[in-house]
Enquirer: 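Here it is, the structure, as structure tokens.
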Protein chains: 2
Amino acid sequence: MERDRRRVSEAVIRRLPKYYRYLMELKKNGVQRVSSSELGQKMGLTASQIRQDFNCFGGFGQQGYGYNVAELCEEFKKILGLDRQYNMIVVGAGNLGQALANYSGFEKEGFFIKAMFDVNPRLIGMSIRGIEIYDVDNLRSYVASQHIDIGVICTPKEKAQEVAELLVSCGIKYIWNFAPIDVVLPDDVIVENVHLSDSLYILCYRINAKS
Amino acid sequence: MERDRRRVSEAVIRRLPKYYRYLMELKKNGVQRVSSSELGQKMGLTASQIRQDFNCFGGFGQQGYGYNVAELCEEFKKILGLDRQYNMIVVGAGNLGQALANYSGFEKEGFFIKAMFDVNPRLIGMSIRGIEIYDVDNLRSYVASQHIDIGVICTPKEKAQEVAELLVSCGIKYIWNFAPIDVVLPDDVIVENVHLSDSLYILCYRINAKS
DNA sequence: TAGATTGTTAATCGATTAACAATC
DNA sequence: TAGATTGTTAATCGATTAACAATC
């Protein structure tokens, strides 16, 4: 039960969503219990690693039995912070921003896009699934009047740093960045990047490294 | 110059796109040379690590001088396999698939979406920036008649495994997967995943771990 | 109780950092 | 040549794996 008995390493953090996905799948399939070795087999990890990882957060298992799937799902939901709602705004209502707004899947998990912002007059005033696109000039006053947790950057890379700074100056401390650039921000701001092109480059590297 | 003097670790591979991004930026800004310590400062890495990483692929530097930026860009382009063209098809012409088709940036880097496929009759027959959406039933004959390198999966997660197997059965060996699931395929198939929800979960973890 | 499987400590492995001779 | 910085070897650090006592 004791959290933070040791520092949770970056490697462990990167595996957490994968654990969550596999455990939810097991739960959906009506599986009641799972051992570290069964789960390891499925996920391509060693049983040892799984037990080490889980014990960063607490002793969730029972000797001789394994882990209760439903219980473990709940624990992971808490660990990942998925037991609450998050309000988001998206800056940049182009292709990607619109795709995110159109995707209804995030809402089921508690992530709500409350508004979008852009500089393009053709987009301003439009709405997508009820999500309005506002002029980015209205961002500051919008954020002042609403509770927004996460700022999502979907602008071209040239604007990303500027937008990130704007968001931070409005008090937003958590940023999900889709622009292919590393934004530089104060240490207390948390940035999570989705670098599509990096991912594609890695695929290409492997294509060529194989031969 | 000798490649593969040692096996290139996963950790190094994940850093390659970042090196490429920073080096291209330096080149764009007209910077001629860079030392490992300068680059390290910018990227938040140690000079030692950069020299180790680079020397997985060859001795690109010159003692007392550092690295020639333009030369290093060329080397990284080759290492990543960005010195050629890739033809892609997208399966799943929903939000995300359409966003990828609308994004013209990939073409500038040599990635061409040649066609899209879907099961939805409302989408079949449409075209996006000249990219046609075909019935997925026509995928096999299409791939047989065209040279396609990469298959991109933008379907809901329920269909992803099936689509992946279809692509592989058509001879496609390289897959860029956006569905939030780990597809299981033969060992000689290379899969690169973009798990948006995993990324969002990690952001949430950090939001909650902070407090 | 006996069998199974955890939680945890110890051993191993690999990645990062430090140091320095080589050399431009 | 002297100064700078690489390429590379050695030392350190951290993550993964193995082992096993604890215990359900």
Enquirer: Mind running a 4.0 Å heavy-atom check of residues 9-18 of chain A against DNA chain D and sending the residues that fall below it, in number order?
Expert: A:Ser9, A:Ala11, A:Arg15
Enquirer: Only one of A:Leu167, A:Ile131, A:Val152 forms a side-chain contact (heavy atoms from CB on, under 4.5 Å) with A:Ile89, so which one is it?
Expert: A:Leu167
Enquirer: Using a cut-off of 4.0 Å on non-hydrogen atoms, how would the nucleic acid contact of B:Tyr67 be classed: base, sugar-phosphate, or nothing?
Expert: sugar-phosphate
Enquirer: In whole angstrom, give the distance that lies between atom CG of B:Leu45 and atom P of C:dA15.
Expert: 16 Å
Enquirer: What I want to find out is whether A:Asp149 reaches A:Lys173 closely enough, with some N-O distance under 4.0 Å, to be called a salt bridge.
Expert: no
Enquirer: In whole angstroms, how far is the C1' atom of D:dG14 from the CD atom of A:Gln49?
Expert: 13 Å
Enquirer: Decide whether a cation-pi geometry holds between B:Arg206 and A:Tyr174; the criteria are a distance under 6.0 Å from NZ or CZ to the six-membered ring centre and an angle within 45° of the ring axis.
Expert: no
Enquirer: Would you check if there is a donor-acceptor pair between the side chains of A:His195 and A:Asp182 at a distance under 3.5 Å?
Expert: yes
Enquirer: Could you encode protein contacts along nucleotides 18-24 of chain D as a string, one character per nucleotide from 5' to 3', using B for base contact, S for sugar-phosphate-only contact and - for no contact, with a heavy-atom cut-off of under 4.0 Å?
Expert: BBB-BBB
Enquirer: Apply ring-ring contact (aromatic ring centres under 6.0 Å, His included) to the pair B:Tyr134 and B:Phe117, showing each step before the final yes or no.
Expert: CA-CA 5 Å; B:Tyr134 298 112; B:Phe117 296 87; 5.8 Å; yes
Enquirer: Without decimals, in angstroms, what is the distance between B:Leu39 CG and D:dA4 P?
Expert: 20 Å
Enquirer: In whole angstrom, give the distance that lies between atom CG of A:Asn68 and atom P of C:dA4.
Expert: 20 Å
Enquirer: Side chains of A:Arg15 and A:Gln49: closer than 4.5 Å at any heavy-atom pair?
Expert: yes
Enquirer: Under 3.5 Å for both pairing distances: what stems, at least three Watson-Crick or G-U pairs long, include DNA chain C?
Expert: C:3-24 with D:3-24
Enquirer: Would you call the rings of B:Phe54 and B:Tyr67 parallel, tilted or perpendicular, where under 30° means parallel and over 60° means perpendicular?
Expert: perpendicular
Enquirer: Using a heavy-atom cut-off of under 4.0 Å over every strand shown, decide if B:Ser37 touches base, sugar-phosphate, or nothing.
Expert: nothing
Enquirer: Could you give the CZ-to-C1' distance, from A:Phe54 to C:dT8, as a whole number of Å?
Expert: 16 Å
Enquirer: In whole angstrom, give the distance that lies between atom CD1 of A:Ile50 and atom P of C:dT8.
Expert: 17 Å
Enquirer: Hey, can you tell me if A:Phe106 and A:Trp176 have their rings parallel, tilted or perpendicular (30° and 60° cut-offs)?
Expert: perpendicular
Enquirer: Quick one: does NZ or CZ of A:Arg84 land under 6.0 Å from the six-membered ring centre of A:Tyr86, within 45 degrees of the ring axis?
Expert: yes
Enquirer: Figure out the CD/C1' separation between A:Glu38 and C:dT6, and round it to whole Å.
Expert: 14 Å
Enquirer: Can you tell if the side chain of A:Ile50 reaches within under 4.5 Å of the side chain of A:Thr46, non-hydrogen atoms only?
Expert: no
Enquirer: Expressed in angstrom and rounded to an integer, what is the separation of A:Asn55 atom CG from C:dT5 atom P?
Expert: 17 Å
Enquirer: A side-chain contact here means heavy atoms from C-beta on lying under 4.5 Å apart; do A:Pro180 and A:Asp198 qualify?
Expert: no
